[in-house]
Amino acid sequence: MNISRLLAATALASASFAVPQVALAQTTPTPAPTTAQDEAEEEESNEAEVTVTGSRIRRDTFSTVEPITVVTKQEITQSGFASATDALQSAEVTAGAGQINNFYGGFVTAGGTGANTLGLRNLGPARTLVLLNGRRIAPAGTRGNVLAADLNVLPTSIIERIEVLKAGASSVYGSDAIAGVVNIITDTTTRGLTLEAQVNVPEVGAGVDRRISATFGFESGPLNVIGSVEYRQRDAMTLADRDFTKCPIPGFRLDADSPIGSDDPYPLGDPRNCFTIDNGGVTINTLGVPTRSGIGRTSGTLGNFNRFVPAPGLGGGATPGYLGVGLYDRDSFDPRSQEEELITPVKTYTGFLAASYDIDGLGNAEIYGELLATRRQSSSKLYRQLSIDYLRGSPLLPIEFRNGTFLSATNTTSGQPIAARAFVGFGLTDSAQEVDYVRAGLGIRGDFFLSGWRYDVYAGKSFTDGTYEIDSFLIDRVAASTNVVQNADGSFSCAAAATLANCVAAPALSAAVIGGDLPQAWRDYILQNTIGTTKFREATFSAAIDGPVFALPGGDVQLAVGVEYREQEIDDTPDDNSIRGNLLGLTAGTPTRGKDNVKEAFAEIYLPILSGRPFFENLNLNASARYTDYASYGSDVTYKVAGEWEFFKGFGIRGSYGTSYRAPALAEQFLGATSGFISSANDPCDADNFPRVNGAPNPAGYSVAQQQRAANCLAVGIDVATFQQNSGITSFTRGGAETGLSAETSTNWSVGAVLQPRIAAGTTLALAIDYFNIEVTNGVSALSGTTILNRCYNAVDFDPTGGFCRFVQRDANQALTVTSGFVNLATDVVKGYEASARFATDLFGGRLTINANVTKYTEQSDKTFPEEILLDSNGTLNVPDWVGSGDVSFRSGPVTARYGITWFDGSSGTAVYNQTSRTTGVVNQANVDILNTFYQIEVPSYFLHNASLQFNVNKKFELTMGVRNLFDTEPPQVTVYYTTIGNAPLYSGYDYTGRQVFINTTFKF
């Protein structure tokens, strides 16, 4: 099979985006031909050895053994992506798999706020290997949970293409290549200077994204140098900037045929439904006290309440000056909360330099090196509610509120019960991250002493240095400030003023304080900027040789063998207040410190068995194996066998089977105890988790499991008929090295067919379809606090200090703390089909190209424990079973027009998935009916359209302009059952930005 003939059929995507190639992509660029004559000319110019992603073998022919998605720089530009990061996280590459991007500013994510990661096949970023020119990109980010490469470190301007292999490749590349491999390949041929600028302007005016860059290259005798520098800045887009986040509602329905929101507290369309406690709102301007009589804010009549809002001159009963409120008529909206970012801002500075020098000795050797350096500056604003807990008997309280008990003691009340709580809107707090990433590598390659053999020796080092800051309330300062004494002049001082000279007493309770008017001195005292640092180091060394071994009828057998060594080290040191657990209402953590190393040996062989014979145009076999020895968990062997059989020119089949592995990341091994929060409703002993009739306990209605749980709760002194958990549950997650965490393993097999008939001069057609099957076993999983609680209190052989209960603690006030870690238990299965089509023909003096790519998942299931069933989420909300993309482009002379579309299929079966027992497989049909009737938890199909027009003047000046999200399609709306932003599901496949215009200009000198 001639390389250029196949290239003619596969390189036609230069005006399309990310269509899986029906043959593996080449290491040198191939311009898209414009006519049949151009295709013939190509056949004379591309007889060169190539190396493809997923293999270490150099070949002079293409292999259709596995499909690769190829994204060129031109395609990134024509599609309007502001950066390589945006392109890699698009549905065209990820096929619907959810990604961590800049929608997650208010969430705790791996790598910290601002990190952007890539995970294929919905298996997560830790199971996708990211390479730059065939070498690993080390993890980067902040905090202890640094697991994967941060796409922000990648250059954009100097990229030639990106190759995405959606198949396991651990036998070729080592750990992490379970779901696939992404290889970013930089330009090696640039000469002179190229200046590029791009701006993406959303229609709403906020969130403008701009990038400028300079790329340069020169050659002087044996020296070749290519490099780039670039700067990118994306402005913030706040919740107030987009319509779909301006009025989040609960979204309940009267019935299955009624619109979303028809059963909300107020009539459909009433603005009082916005920002309720159910969605987007938080209690503010409100006083919590023991139940007492007062005038209702809405009813205007006397009643009993435990929440009141100040109303000078109004009210009555036992609470004059206040009006009683319930869940939906309390204050829950502060306009300042809308200044939180929907999409967080970022600045990146990136420099890349590659150089090579040819020498006469050492086998006509080439000394080569690369340097990548980036700085990311990101930030996020967080709106904070502050609960000011006034101690029982505190002189800060009016006498009528001073001596009751509203809540039990907390960590801010000096061991005293709470007499009253002021729910205050504090306002916005800041967080910021700065991450410096450097990767430097140096190698030498040349002819080996065996004829036709080559050697390559490489050593590299990666450095990540991150700083993360966040404004935090400090528990000890809040506690000290609320424990006060009254001075003779009526003022207040901290009771611990003698030892805490700088202590500022909390303000006395008043209508102004409840309304958020807090003394600046006190705000400054309790809120402090906390700073942590993260360091991640990775060193690599590799040596390999490859060349021909002997001849077969189909060509020379090629063999590659080599060794690798890699070591990693992480050192994350949070702020001292975080280490001491002194952060109020925020995630805290202890230091994460650890290191690991691996020694590996690998071999790969390519067997061209037959070629150019009847029914055997090509019959090739490829096999690879790798021996791995980790210091942390020991040794393992992975392998892969792949083959292709081209019956006749243009039609063949292919298949592969292999094993892969993923060594536990340093964060999974050594993560310092990191705190999080679980709703108090998840306490298994809470009365609300048991059947009731007219508000009264109903033990007769308990299921067998509930009976067991009630007995277990009683064994620790809790009566589930009356117990109410009033405190949030604190959870801690820590690394699994102490418990012997080991590598997870997987099998990955695929089979497919490729059709590339020669139709006519100037016309090409390429079709491919592949079935894929991935199963991950012994998977590394962090048990959730809720899982541990349920496993503890539902146990038949309940032991309060053993089993899962050894991870659960209750204090004297029944407040819960749960400690979990990473364990080897999980199983994940992903199956499906991926099909692509490409048609190109000469038309009206130009070139028409049509591309389409469709992924159909047939299973996306998982389980955490061996005794559980594999529960399939395929097709449910945020897990589409069908994802497609396509585009049409027409090039005539210097002008190229392109129109593209992306499609996510609508969801179904979400309620059944959520109400299926993982242990028995039994579906709670009653709850399914409730969810499907009164909740909107399914979404329709979602389409995004984009269009562009590109002008190229004498290959010196290029102007591209277009529109992304052409029809300004907003994300679908759902009831607050899943995590939402506004009423939109939190899912990277949806476009939160809205319609945006982009312009890209390139000048070459």
Side-chain angles (χ1 to χ4, degrees), residues 17-20 67-69 71 79 81 85-101 103-104 116-125 127-128 151 162 164-167 178-180 182 748 750 769-774 776 828-837 851-862 872-887 900-910 913 937-946 964-965 969-972 974 978-979 981 984-993:
F17 184 82
V19 178
I68 286 186
T69 300
V71 185
S79 298
F81 292 110
T85 299
D86 294 344
L88 283 169
Q89 292 190 320
S90 66
E92 290 89 341
V93 171
T94 65
Q99 309 298 318
I100 298 299
N101 57 15
F103 300 166
Y104 289 77
N116 286 231
T117 56
L118 173 62
L120 301 175
R121 302 298 192 207
N122 260 326
L123 290 173
R127 292 170 177 164
T128 296
L151 302 180
I162 300 169
V164 183
L165 171 66
K166 298 177 184 176
I178 285 181
V182 177
N748 188 320
S750 65
I769 184 169
D770 291 272
Y771 171 80
F772 57 87
N773 184 311
I774 305 172
V776 181
D828 294 272
V829 177
V830 181
K831 303 176 183 178
Y833 297 87
E834 198 155 53
S836 62
N851 298 282
N853 181 40
V854 175
T855 299
K856 164 58 178 173
Y857 295 97
T858 58
E859 181 178 349
Q860 299 183 73
S861 60
D862 70 278
D872 192 358
S873 62
N874 193 40
T876 62
L877 184 64
N878 297 345
V879 191
D881 55 348
W882 285 92
V883 180
S885 61
D887 60 74
I901 187 170
T902 303
W903 161 59
F904 300 87
D905 193 24
S907 66
S908 64
T910 304
Y913 171 76
I937 58 173
E938 306 292 6
V939 296
S941 291
Y942 183 77
F943 295 88
L944 289 173
H945 302 255
N946 56 83
R964 292 189 54 76
N965 194 352
T969 305
E970 291 190 344
V974 296
Y978 275 58
T979 302
I981 296 182
L986 179 60
Y987 174 53
S988 61
Y990 299 134
D991 179 23
Y992 292 171
T993 305

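This one's a predicted model, so the numbers in the text were calculated from it and none came from an experiment.
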Quick one: do Tyr992 and Glu970 satisfy side chain to side chain contact (heavy atoms under 4.5 Å, CB included)? Show the steps, please. CA-CA 7 Å; Tyr992 292 171; Glu970 291 190 344; over 6 Å; no
[atom1]/[X] to [atom2]/[Y] distance, rounded to the nearest 0.5 angstrom?
X	Y	atom1	atom2	value
His945	Asp887	NE2	CG	13.5 Å
Ile769	Ser836	CD1	OG	9.5 Å
Ile774	Asn748	CD1	CG	4.5 Å
Glu834	Phe772	CD	CZ	6.0 Å
Asp86	Asn116	CG	CG	7.5 Å
Ile178	Arg121	CD1	CZ	14.0 Å

On a heavy-atom basis, which atom in [X] and which in [Y] lie closest, and how many Å separate them?
X	Y	answer
Val182	Leu120	CG2-CD1, 4.4 Å
Phe103	Ile981	O-CD1, 3.8 Å
Pro880	Tyr857	O-CD1, 3.5 Å
Ser861	Asp872	CB-CA, 3.7 Å
Ala835	Asn853	O-OD1, 2.9 Å
Leu88	Leu118	O-CD1, 3.3 Å

Please check: side-chain N/O of [X] versus main-chain N/O of [Y], any donor-acceptor pairing under 3.5 Å?
X	Y	value
Gln860	Thr858	no
Thr910	Leu877	yes
Thr876	Ser873	yes
Arg964	Phe81	no

Can you check whether Trp882 reaches Val854 side chain to side chain, under 4.5 Å on heavy atoms?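 Yes - at least one pair of side-chain heavy atoms lies under 4.5 Å apart.
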Taking the side chain as C-beta and beyond, is there a heavy-atom pair between Val93 and Val71 under 4.5 Å?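 When only atoms from C-beta onward are counted, Val71 and Val93 do touch, with a gap below 4.5 Å.
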Given the rule in the salt bridge (charged side-chain N to carboxylate O under 4.0 Å, His left out) test, do Arg127 and Asp828 qualify, once you have shown the distances and angles that lead to the verdict? CA-CA 12 Å; Arg127 292 170 177 164; Asp828 294 272; 3.2 Å; yes
Given the rule in the side chain to side chain contact (heavy atoms under 4.5 Å, CB included) test, do Val974 and Ile937 qualify, once you have shown the distances and angles that lead to the verdict? CA-CA 5 Å; Val974 296; Ile937 58 173; 5.6 Å; no
What's the verdict on side chain to side chain contact (heavy atoms under 4.5 Å, CB included) for Tyr978 and Leu986, showing C-alpha distance, side-chain angles and the deciding distance? CA-CA 8 Å; Tyr978 275 58; Leu986 179 60; over 6 Å; no
Count the heavy atoms belonging to other residues, nucleotides or ligands that lie under 6.0 Å from OH of Tyr771, then report whether that count exceeds 12.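 Counting neighbours around OH of Tyr771, more than 12 heavy atoms of other residues, nucleotides or ligands fall under 6.0 Å, so yes.
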Do [X] and [Y] have a side chain donor and acceptor closer than 3.5 Å?
X	Y	value
Ser885	Glu92	no
Asn101	Gln89	no
Ser907	Glu938	yes

For Asn874 and Glu859: C-alpha separation, side-chain torsions, deciding distance, then whether side chain to side chain contact (heavy atoms under 4.5 Å, CB included) applies. CA-CA 6 Å; Asn874 193 40; Glu859 181 178 349; 5.6 Å; no
Check the angle between the aromatic planes of Tyr990 and Tyr942 and answer parallel, tilted or perpendicular using the 30° and 60° thresholds.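 Tyr990 and Tyr942: perpendicular rings.
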Please test Ser941 against Asp905 for side-chain hydrogen bond (donor to acceptor under 3.5 Å, both in side chains), starting from the C-alpha separation and ending with a verdict. CA-CA 4 Å; Ser941 291; Asp905 193 24; 3.3 Å; yes
